[in-house]
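Written out below as C-alpha cells is the structure these notes cover.
In listed order, ligands and their atoms are each counted from 1.
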Amino acid sequence: MSDTRIAFIGAGNMAASLIGGLRAQGLDAKQIRASDPGAETRSRVQAEHGIEVFEDNAQAIADADVIVLAVKPQVMKAVCQDLQASLRDGQLIVSIAAGITCASLQDWLGARPVVRCMPNTPALLRQGVSGLYATAEVSSAQRQQAEQLLSAVGTALWLDQEQQLDAVTAVSGSGPAYFFLLIEAMTAAGEKLGLPRETASQLTLQTALGAARMAVASDVDAAELRRRVTSPAGTTEAAIKSFQGNAFEAIVEQALQAAATRSAELAEQLGK
Ligand SMILES: NC(=O)C1=CN([C@@H]2O[C@H](COP(=O)(O)OP(=O)(O)OC[C@H]3O[C@@H](n4cnc5c(N)ncnc54)[C@H](O)[C@@H]3O)[C@@H](O)[C@H]2O)C=CC1
Ligand SMILES: O=C(O)[C@@H]1CCC=N1
C-alpha cells in the first residue's frame, strides 16, 4: 500500500471508517481521494482526514489504482454507468455494497477486476470484520491491496464463492444490529426488574463487552464458556431454559435466513 492511490466513490459512514483506518495505518493523505454529492459530507472527510475531495466522481478516480464503491446499493447502477467511460485499464474496483453482484458490476463497468466485500459498522472503531470475494480478473497484487484496505478496519476473510457473501451479510454485515437489539432488550428487562435505566444499561453494556472479549480470547468455544457460567439448578440455567423453551436457536436461524434471502433478493432487484 506504500504508493497505492485509492479513490472512494461515496464518502459516507463506511467510506469514512475505511479512510480513517488507512490513515491510522500510515497511508499518506495524498494517496486518498473521495467524491460525494453532499457538500457537508465532503467537508467532514476533508477536515477529519486531510484528503482531497471532489463533487465529480470521474475527477476523483483519475489517478487511482483502487476505486472503492461506497454508495448505497440503490444508486450503484447509475454511479457505475456514469463512471465507466472514465475508467483506465488495470484499476481495481472494490465494492462494499450489500447485494450487488460482481456480474452486475462487470455488466455496468466492463470486465474489470472486481473485489466484492461485506464489512460491518464496528469498522468505525477498527473492530470490524469483512468477507471478501475476488473475480478471476483480480491479480494477486490486487488481492493484497483489497485485503490491506479492509484489514485497516478489522479482520478480512477471503471467500471461495461469491454466494457466501449473502451468508456473511446475514452473520456479520447485519450482525451488529442483532447484538444492539439484545442490548436494548436486556436493558429494558433490567429496568422492569427494578434497576434504574442507567444502571441496567451499564450492566448490560459491560457484560456484552466482557463476554465478547472472553469469547475472542478463550481457547474453548462459546458453548463451554456458557456451561461455565451455568450452575446446576441455578439462575443462568433458569434463563437459558426460558430462552430455549421459546425456540431461541430457531429464532436466530430464521432471522439470519431472512437477511441472507434479502441479500439475494437485492442482487436480483438491483442487478437489472
Ligand atoms: N451501514 C452498514 O452497516 C453497512 C453498509 N454497507 C454498504 O456500504 C455502502 C455505504 O453505506 P453507508 O456508508 O452506511 O451509507 P452512507 O449513506 O453513509 O454513505 C453513502 C454515501 O454515498 C453518497 N452518494 C450518493 N450518491 C452518490 C453518487 N452518485 N456519487 C457519489 N456518492 C454518492 C451519499 O451522499 C453518502 O454520503 C452501502 O452500499 C451499504 O450496503 C456494507 C456493510 C455494512
Ligand atoms: O442493512 C443493510 O442492508 C446493510 C447491509 C449490511 C448492514 N447494513
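Following chains of ILVMFWY side-chain contacts shorter than 4.5 Å, one can reach L150 starting from L92, so the two form part of one hydrophobic cluster.
At a 3.5 angstrom cut-off on N or O pairs, A98 counts as close to ligand 1.
Considering OG of S174 and CE of M118, their distance stands at 7.5 Å, rounded to 0.5 Å. Distance OG1/T121 to CG/N13: 8.5 Å, rounded to 0.5 Å. With values rounded to the nearest 0.5 angstrom, D166 atom CG is found 12.0 Å from L256 atom CG.
Summarising the geometry of D3 relative to D65, their closest heavy-atom pair is O-OD2, 3.9 Å, with the distance given to 0.1 Å.
For ligand 1, the atoms sitting less than 4.0 Å from at least one non-hydrogen atom of P73 are 38 (C), 39 (O), 41 (O), numbered in the order shown with element in parentheses. Atoms of ligand 1 lying under 4.0 Å from any heavy atom of A70, numbered from 1 in the order shown and given with element: 10 (C), 20 (C). For ligand 1 and T121, the ligand atoms under 4.0 Å from any heavy atom of the residue are 1 (N), 2 (C), 3 (O).
Between the side chains of N120 and S172, no donor-acceptor pair is found at a separation under 3.5 Å. A donor-acceptor contact closer than 3.5 angstrom links the side chains of Q202 and E198. Neither side chain, W108 nor Q84, offers a donor N or O lying under 3.5 Å from an acceptor on the other. When only modelled atom types and interatomic distance are considered, E249 and Q244 share a side-chain donor-acceptor pair under 3.5 Å. No side-chain donor from either of T204 and T207 sits under 3.5 Å from a side-chain acceptor of the other.
With a heavy-atom cut-off of 4.0 Å, I100 does not touch ligand 1 at all. With a 4.0 Å cut-off on non-hydrogen atoms, N13 touches ligand 1 through its backbone as well as its side chain. At a heavy-atom distance under 4.0 Å, only side-chain atoms of M118, from C-beta outward, approach ligand 1. Looking at P119 against ligand 1, both its backbone and its side chain come within 4.0 Å, counting heavy atoms.
Nearest-residue assignment for atom 39 (O) of ligand 1 (options V71, I96, L266; heavy-atom criterion): V71. Across T41, D36, N120, heavy-atom proximity to atom 21 (C) of ligand 1 is greatest for D36. When the heavy-atom distances from atom 24 (N) of ligand 1 to A39, P37, A34 are ranked, the shortest goes to P37.
Atom 14 (O) of ligand 1 has K72 NZ, 3.6 Å as its closest protein atom, hydrogens excluded (heavy atom only). The nearest protein atom to atom 4 (C) of ligand 2, hydrogens excluded, is given as A98 CB, 4.5 Å; this is a heavy-atom distance. Among protein heavy atoms, atom 19 (O) of ligand 1 sits closest to G12 CA, 3.3 Å. Here the protein heavy atom with the shortest distance to atom 31 (C) of ligand 1 is N57 OD1, 3.4 Å. Of the protein's heavy atoms, S174 OG, 4.5 Å lies nearest to atom 1 (O) of ligand 2. Protein heavy atom in closest approach to atom 28 (C) of ligand 1: V79 CG2, 3.7 Å. Counting protein heavy atoms only, atom 7 (C) of ligand 2 is closest to G173 O, 3.3 Å. Looking at atom 5 (C) of ligand 1, its nearest protein heavy atom turns out to be M14 CG, 3.7 Å.
With sequence neighbours excluded, no residue forms a salt bridge (Lys or Arg N to Asp or Glu O under 4.0 Å) with E137.
A salt bridge does not link E147 with R143: every distance from a Lys NZ or Arg NE/NH1/NH2 to an Asp or Glu carboxylate oxygen is 4.0 Å or more.
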